[in-house]
Number of protein chains: 2
Amino acid sequence: MKPKIADVAKVAGVSPTTVSRVLNNRGYIGEETRVKVHNAMKELNYYPNEVARSLFIRKTFLIGLIFPTTSNPFYGQLIFHIENIAAALGYKVLLCNSQGRQDKEKEYLEMLQRNQVDGIIAGAHNKGIEEYEKPNLPVVGIDRYLSSAIPVISSDNYDGGKQATQLLIRKGCIKIIHINGPISLETPANLRRKAYEDVMIKHNLTPITYEMETYGTDNSEIIKRLFDENPEVEGVFASDDIIASQVIKEAKSRNYNIPSKLKIIGYDGTETKKLMMPELSTIEQPISRIAEKAVELLIKQIDSEWDGAPLETKLPVKLIDSDTTKK
Amino acid sequence: MKPKIADVAKVAGVSPTTVSRVLNNRGYIGEETRVKVHNAMKELNYYPNEVARSLFIRKTFLIGLIFPTTSNPFYGQLIFHIENIAAALGYKVLLCNSQGRQDKEKEYLEMLQRNQVDGIIAGAHNKGIEEYEKPNLPVVGIDRYLSSAIPVISSDNYDGGKQATQLLIRKGCIKIIHINGPISLETPANLRRKAYEDVMIKHNLTPITYEMETYGTDNSEIIKRLFDENPEVEGVFASDDIIASQVIKEAKSRNYNIPSKLKIIGYDGTETKKLMMPELSTIEQPISRIAEKAVELLIKQIDSEWDGAPLETKLPVKLIDSDTTKK
DNA sequence: AAATTTATGTCAACCGGTTGACATATGAAA
DNA sequence: TTTCATATGTCAACCGGTTGACATAAATTT
């Protein structure tokens, strides 16, 4: 059986209260008592039971994370940073991969509440989860509008979309196509598309957008259609690097020379992308800063120090003009 | 204040014990009472406090995960599967990114014990963490020997190394170099190198191995040295796909034509790799099966159903012969 | 009519640590 | 000598849910 405070007290020859005092640095404690207690803890291999402690102080220092999947390097990297920053501030993270499924997300939401997490950071959201509407606990969204009272952190999606489109135009592309995720999701990421359309129209070009199916589905059909219907395409702005990689693959199989015949730019710019496909131009998101802001805002809410603003935080992106957009 | 069982009981007009009976399906409960209680729970937005429950039943259904970083797609994907399988079995996961740092790993190990996790799955390990030696709780290692009593799950590293090396030889390479992670770590992954050396020697070829620095360090120097010292290299077997991608990058900058002049094969074969660099040949690890086995063995230990064997589980790999090893 | 099953209530102990109230005993400062 | 800061102990209530013991009463069986 695991040792408890009473066991430590017995070994150290002091009272349980004294042990608790040592653990929490409360009241007066003599130096030698402190040492005796610490020795006893070491001897017994004692670890304070945080579950009991959490119950009493009514706080767990747990943060729930709901994201589609850690398999995706963008979320993997984001979660890495969130966990890191949280750990530095004394918080632990409970991980949930919702896989873009509404039923899973609901289950996780309930599970997290049962487990008394102090707050939730969610980057997944399937419309129609009313649970987010009654915010019984602090929540921060990343790139997802969850409800009118929940703050959202994102990269400057409009600026990113603008820069990407402008780059392709600057490099001489006329027939430029955009391909993005399911627009039915209410996400700031839709601004990437909005910016693309605005820039195209401003340059008297016709915007053409292809839309992906739900997250995780096989998208190759849509990309094939893109090429079938627009064989003379000169530039593609994909709303993330994974989609961009699929476009590249299809283009190569159709013998489009990149970048001379077709230029491509993606979005995200993860570390993995930098290593695995350095040649791909992209809009790099400030992932670690997004993580910082999210944790910061969540903890402010937890500590009741949040005044309701800002509801939206946009962080600057960085254009990476690499080989796939060479002139 | 959050509602508790007593509040539900009051609203439903029954006793707290009856509510608990409904929640746990114990003893006799009438149908209409059950309905009344459920309505009260819904009305109050009641979620049972798992912290209190965990304290009493002395079990948290929490599993601690210690891995270097979710940023790396291999760990990201592995963790995705682990979390999924665990969730299906009623377990939740607490995520820790040790970043290959011994101090962090020790801290996390202590934190997890304080938080009463039921078990730990660790894929990170810096030698000399004696904490693993006194296994106060169930542990499973992935690709890492933690202590003599802790079971390890891994891909069949020897076979993978063998297949990779044989492929390069079959494709006509003579001067083949291997590059791997820090061998100081006691990991089954070292068998990739052993297999490489064995196969080379069997074919009367000279094995040459370059070793990476500690995890996460900048490795470009070592790869540059590899090419400087072996300009006539014909084949490279990298011990993971990320290293392979760095080799490709350096080779391209030196105008080596791949695969005509230089053939490359990596190791891991994550989904991300398949999307981002489908052209890279690799040894694909059965990531979801590794996750399954790990969770299965951990839960067996938790349920005291583990008899100590098998201590080592090796799962079959799959050769992916793609463009970078074309003849 | 008696025995049994079903349904619910009351009560108290327990999980392990926290905290406040209060008692007691030093050694040091006033 | 008196006061006070220091050091430790005892005790009990509490966090929220679980569980066993026991009581009671209605509905079913036998």
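Keep in mind that this is a model prediction, so the values were computed, not measured. Values below: all heavy atoms of this structure, side chains included; hydrogens, waters and symmetry mates excluded. Below, read A as the first sequence line, B as the second, and so on, with proteins coming before strands; counting in each chain starts at 1.
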**Message:** Return a single string for nucleotides 11-23 of chain D, one symbol per nucleotide in 5' to 3' order, where B is base contact, S is sugar-phosphate-only contact and - is none, cutoff 4.0 angstrom on heavy atoms.
**Reply:** B--BBBBBBSB--
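In this structure, the side-chain hydrogen bond (donor to acceptor under 3.5 Å, both in side chains) partners of A/Thr60, at least two apart in sequence or on a different chain, are A/Asp118. Taking the salt bridge (charged side-chain N to carboxylate O under 4.0 Å, His left out) definition, one finds that B/Glu32 meets it with nothing, sequence neighbours left out. Judged as a side chain to side chain contact (heavy atoms under 4.5 Å, CB included), and not counting sequence neighbours, B/Glu107 has no contacts.
Between A/Tyr28 and the phosphate of D/dT6, there is a side-chain N or O to OP1/OP2 separation shorter than 4.0 Å.
Using a 4.0 Å heavy-atom cutoff across all strands shown, A/Val14 reaches sugar-phosphate atoms only and no base atom.
Note: NZ (A/Lys36) to C1' (D/dA7) measures 11 Å, nearest angstrom. Following rounding to the nearest Å, A/Glu31 (CD) and C/dG27 (P) show an atom-to-atom distance of 18 Å.
Within the structure, side chain to side chain donor-acceptor pair (under 3.5 Å) pairs that include any residue of residues 7-20 of chain A comprise A/Ser15-A/Thr18, A/Ser20-A/Asn24 (at least two apart or interchain). Contacts classified as side chain to side chain donor-acceptor pair (under 3.5 Å) and involving residues 294-303 of chain A (residues at least two apart or in different chains) are not found.
Atom NZ of A/Lys293 is surrounded by 12 or fewer heavy atoms from other residues, nucleotides or ligands within 6.0 Å.
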